[in-house]
Amino acid sequence: MKGLAVFMSDDKAEKARTRIKTNASMINEPYSEISNKLRALYDSVQDEAIPEHFLELLENLDKAEKAANPADKGRPGEQK
Amino acid sequence: MTAEGEHGPGFKQELLATLPSLRAFAMSLAGRADSADDLVQDTIMKAWAKQHMFEPGTNLKAWVFTILRNEFYSQMRKRGREVQDSDGTFTARLAVHPSQYGSLDLQDFRKALERLPSDQREAIILIGASGFSYEEAAEICGCAVGTVKSRVSRARTRLQELLHVSGESDYGPDAGTAAVTNPPAAP
């Protein structure tokens, strides 16, 4: 199941890419220069690595939630 | 779909997968890397707190974009629109990070983009760069599909004007001449 989640992300990314191309060609046929620059600008940010502090934030939120909801694992007294 | 629990690893992973695109969208709204990342951080916290409201199987990316957009405009309202500026003076004050945007060419494009009214800018970005359908973009912006279409169309026209200001006078006479001297080859 974990493996599946990973592949789903790829699949979604692929679908999004396809749609970007479709949208762009629909909107921007005569404006391909605008379309290309728009995507280049967006991708310049999108292609950056996700900043470390976001990854940490998500990890911490996840940990805090698991600590607060020990239903699936551990005992209430086990927090951090 | 996945048989993970209601708070399974799925949500965290999927949220993570939206972050690159979410940051790019935040950057296009906020205009500056530091405020964009603040906005993304606030959005992650909100999305996490509201994750029970997300319907599994629907589009998480669109859902998160909606949260970020709402957050952005509500922060703008709180600040009394101090950064609201469609005339480009804000753009002039922006710290420029040339390496971040590569060529000068792209920087010109970015400036043109920032001169668009925000509703047009977000519409053309959601459709042309984020990869949303018109329906999804309409939902994210809380408006009708037709409204998104007309905003995209106006954005496109305005960008064309801004980037090729001299275009008409350059092409004007030549285009006319070309039309006369080179009639379409086939009927």
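Just so it is clear: chains get the letters A, B, ... in the order the sequence lines come, proteins before strands, and each one is counted from 1. In this text, all values refer to a predicted model and were calculated from it rather than measured experimentally. Worth knowing before you read on, the calculation uses all heavy atoms, side chains too, and leaves out hydrogens, waters and symmetry mates.
- Rounding to the nearest 0.5 Å gives a distance of 10.5 Å between CZ of B:Phe65 and CD of B:Glu136.
- Neither the backbone nor the side chain of B:Ser28 comes within contact range of chain A; no heavy atoms are under 4.5 Å apart.
- Contact tally against chain B (heavy-atom pairs below 4.5 Å) for A:Asp43, A:Leu55, A:Ile50: the top residue is A:Ile50.
- Scanning both residues, B:Ser153 and B:Thr157, for their nearest heavy atoms gives O-OG1, 2.9 Å.
- The parts of B:Asp37 that come within reach of chain A are both its backbone and its side chain, each placing non-hydrogen atoms under 4.5 angstrom from that chain.
- Here the straight-line distance linking atom CG of B:Leu19 with atom CD of A:Glu48 works out to 13.0 Å at 0.5 Å rounding.
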Report all side-chain donor-acceptor pairs from residues 137-150 of chain B shorter than 3.5 Å, counting only partners two or more places apart or in another chain.
{"residue": "B:Ser150", "atom": "OG", "partner": "B:Thr147", "partner atom": "O", "Å": "3.3"}
{"residue": "B:Ser150", "atom": "OG", "partner": "B:Arg154", "partner atom": "NH2", "Å": "3.4"}

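- Between chain A and the residues B:Ile125, B:Leu113, B:Val40, B:Leu15, the largest count of heavy-atom pairs under 4.5 Å involves B:Val40.
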For residues 42-49 of chain B, which side-chain N or O atoms pair as donor and acceptor with protein atoms under 3.5 Å away, sequence neighbours left out?
{"residue": "B:Asp42", "atom": "OD2", "partner": "B:Gln75", "partner atom": "NE2", "Å": "2.9"}
{"residue": "B:Thr43", "atom": "OG1", "partner": "B:Leu39", "partner atom": "O", "Å": "2.7"}
{"residue": "B:Lys46", "atom": "NZ", "partner": "B:Glu71", "partner atom": "OE1", "Å": "2.6"}
{"residue": "B:Trp48", "atom": "NE1", "partner": "A:Glu65", "partner atom": "OE1", "Å": "3.4"}

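- Heavy-atom distances place both the backbone and the side chain of A:Leu58 under 4.5 Å from chain B.
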